[in-house]
Student: 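The structure under discussion is supplied below as structure tokens; questions concerning it will follow.
Just so we're on the same page: letters track the sequence lines, and every chain starts at 1.
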2 protein chains.
Amino acid sequence: MAGLETVAGKIRGRGYKVTPQRMAVLEALAAEQHQSMDSIRSRCPRVGLVTMYRTLDLLSEIGVVRRLDLGDGPRYELAEDHHHHMICESCGDISEFEECPIDDGPLGDLDFEISSHSLEVYGRCAVCAGGERR
Amino acid sequence: MAGLETVAGKIRGRGYKVTPQRMAVLEALAAEQHQSMDSIRSRCPRVGLVTMYRTLDLLSEIGVVRRLDLGDGPRYELAEDHHHHMICESCGDISEFEECPIDDGPLGDLDFEISSHSLEVYGRCAVCAGGERR
DNA sequence: GATGTAGTTGAAAATTTTTTTCGATTAGGA
DNA sequence: TCCTAATCGAAAAAAATTTTCAACTACATC
Ligand SMILES: [Zn+2]
Ligand SMILES: [Zn+2]
Ligand SMILES: [Zn+2]
Ligand SMILES: [Zn+2]
């Protein structure tokens with residue numbers, strides 16, 4: 001995982017200040033991927049709600065954090081490695097996978113300059129799919 | 001495009017009633033894909049806000065409508081054909097493409113039972129990319 | 001066509017989520 | 001140590017979504 005030191009440097013590099021609140025949010029994010037606002041908040045009760053919103057905005061802007069829209073409210077995660085999500089519609093579990101069909105085999109001629117993308121698959125996780133043999 | 005008659009049948013088939021409000025929302029949706037709540041509402045001013053929310057929920061539930069999360073607020077579109085979206089971060093234009101890397105080449109072993117997926121690409125549309133040769 | 005009823009509607013109010021204000025506080029350079 | 005622009009957060013405002021509940025209506029049945 002990219003040390004928080006590195007992130008601090010990125011923040012300063014952009015002319016922003018490294019504050020205890022920002023570091024607290026980063027640590028909260030480092031504890032677990034794709035957390036909801038409430039989850040993050042409960043991990044750093046000292047950080048005010050407004051600051052929370054602003055911090056997540058700022059971190060997203062400088063590319064350190066990624067905001068996700070997985071169906072229920074917004075979620076956030078550290079934008080370390082590129083990956084995609086599998087959302088279990090049965091138990092709500094969210095897991096990740098690295099394989100990327102977009103990077104692997106480029107799309108045909110879309111006449112569009114792609115800078116990023118997101119891919120989510122919905123269905124049932126291994127546990128919920130139960131013992132049912134494939 | 002799947003006639004609205006068909007949809008009416010699907011609504012009745014699920015035990016729901018076909019009301020003027022529901023048909024009005026469907027017609028509004030048929031006018032244009034991926035519309036925001038406001039856009040849909042302006043196309044059927046007679047339908048109350050609460051009914052609007054409930055109708056979109058119901059239509060999503062029976063699979064007639066697809067709710068999209070493309071960055072700005074939620075958007076809705078008729079779930080006719082399978083396709084994906086290209087969102088221009090410069091002008092905000094949203095366009096579609098049929099090519100589907102997930103259906104084409106299945107993902108590796110994910111140990112996950114996929115029932116649906118969504119894929120969005122962000123970047124600059126042809127217009128915004130300007131004359132810049134590839 | 002008239003009747004009964006469960007499903008539906010929407011105004012108002014309650015909640016929840018996000019943004020704006022603005023005076024007090026602070027990180028970090030000089 | 002000083003200074004100042006950046007930041008913080010309580011409070012209020014605004015926006016988005018949901019709940020209530022009494023009146024209304026689609027439609028199956030008679
Ligand atoms: Zn993730
Ligand atoms: Zn990818
Ligand atoms: Zn679309
Ligand atoms: Zn697809």
Student: Taking CG from B:Leu49 and P from C:dT8, how many angstroms apart are they, rounded to a whole number?
Tutor: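 Nearest whole value for this atom pair: 18 Å.
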
Student: Would you mind reporting whether A:Val121 and B:Leu107 have side-chain heavy atoms less than 4.5 Å apart?
Tutor: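 They are in contact (side-chain heavy atoms under 4.5 Å apart), so the answer is yes.
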
Student: Looking at residues at least two apart in the chain, or sitting in another chain, which of them share a ring pair (Phe, Tyr, Trp, His ring centres under 6.0 Å) with A:His85?
Tutor: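 Expected list: A:His34, A:His83.
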
Student: Nearest nucleotide by nearest heavy atom, which residue falls closer to the 5' end of DNA chain C, B:Gly15 or B:Arg46?
Tutor: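 Nearest nucleotide further toward 5': that of B:Gly15.
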
Student: Which pairs with one or both residues in residues 87-106 of chain B pass ring pair (Phe, Tyr, Trp, His ring centres under 6.0 Å), sequence neighbours excluded?
Tutor: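 Those involving residues 87-106 of chain B are B:His84-B:Phe97.
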
Student: Please tabulate, for the side chains in residues 50-61 of chain B, all donor-acceptor contacts under 3.5 angstrom to protein atoms that are two or more places apart in sequence or on a different chain.
Tutor:
from	atom 1	to	atom 2	distance (Å)
B:Thr55	OG1	B:Thr51	O	2.7
B:Ser60	OG	B:Leu56	O	2.7
B:Glu61	OE2	B:Tyr16	OH	2.9

Student: Would you say B:Tyr122 and A:Ile114 make side-chain contact, with heavy atoms under 4.5 Å?
Tutor: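 Contact flag for B:Tyr122/A:Ile114 side chains = no.
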
Student: Between C:dT19 atom P and A:Leu56 atom CG, what is the distance in whole Å?
Tutor: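 One finds 11 Å between P of C:dT19 and CG of A:Leu56, rounded.
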
Student: Which angle, rounded to 10°, do you find between the first-five-pair axis and the last-five-pair axis of the helix from C:dG1-D:dC30 to C:dA30-D:dT1?
Tutor: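 It comes to 40° between the two terminal axes.
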
Student: Kindly state each residue pair satisfying salt bridge (charged side-chain N to carboxylate O under 4.0 Å, His left out) with at least one member in residues 88-106 of chain A, sequence neighbours excluded.
Tutor: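 Qualifying pairs, neighbours excluded: none.
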
Student: The criterion is side chain to side chain contact (heavy atoms under 4.5 Å, CB included); which residues satisfy it with A:Thr19, sequence neighbours excluded?
Tutor: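 Partners of A:Thr19 under the side chain to side chain contact (heavy atoms under 4.5 Å, CB included) test: A:Lys17, A:Gln21, A:Arg22.
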
Student: For DNA chain D, which nucleotides open and close the run of contacts to chain A, 5' to 3', at under 4.0 angstrom from a non-hydrogen atom?
Tutor: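 Contact span on the strand: D:dA5 to D:dA11.
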
Student: Rounded to the Å, how far apart are A:Arg41 CZ and C:dT16 C1'?
Tutor: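 To the nearest whole Å, that distance equals 12 Å.
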
Student: Could you tell me the separation between the OH atom of B:Tyr53 and the C1' atom of C:dT16, rounded to a whole number of Å?
Tutor: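 Computing the B:Tyr53:OH to C:dT16:C1' distance gives 11 Å.
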
Student: List for me each residue that meets side chain to side chain donor-acceptor pair (under 3.5 Å) alongside B:Glu120, sequence neighbours excluded, and say none if there are none.
Tutor: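 Testing B:Glu120 for side chain to side chain donor-acceptor pair (under 3.5 Å), a comparison that skips the adjacent residues, returns A:Ser118, B:Ser118.
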
Student: Please report the distance, rounded to the nearest Å, between CE in B:Met52 and P in C:dT8.
Tutor: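 Roughly 16 Å, once rounded to whole Å.
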
Student: Restricting to side chain to side chain contact (heavy atoms under 4.5 Å, CB included), what partner residues turn up for A:Ala24, sequence neighbours left out?
Tutor: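 Only A:Cys44, A:Val47 meet the side chain to side chain contact (heavy atoms under 4.5 Å, CB included) criterion with A:Ala24.
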
Student: Please list, chain by chain and in numerical order, all residues satisfying side chain to side chain donor-acceptor pair (under 3.5 Å) with A:Gln35, sequence neighbours excluded.
Tutor: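 With sequence neighbours excluded, A:Gln35 shows a side chain to side chain donor-acceptor pair (under 3.5 Å) to A:Ser39, A:Arg43, given in chain and number order.
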
Student: Applying side chain to side chain contact (heavy atoms under 4.5 Å, CB included), name anything that partners A:Ser90, two or more places apart in sequence or on another chain.
Tutor: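 Once residues adjacent in sequence are excluded, the partners of A:Ser90 under the side chain to side chain contact (heavy atoms under 4.5 Å, CB included) criterion are A:Cys88, A:Arg124, A:Cys128.
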
Student: Once you round it to whole Å, what is the distance between P of C:dT8 and CE of B:Met23?
Tutor: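 So the CE-P distance, B:Met23 to C:dT8, works out to 14 Å.
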
Student: Would you mind building the protein contact string for nucleotides 21-30 of chain C? One character per nucleotide, 5' to 3', B for base within reach (heavy atoms under 4.0 Å), S for sugar-phosphate only, - for untouched.
Tutor: -----BBS--

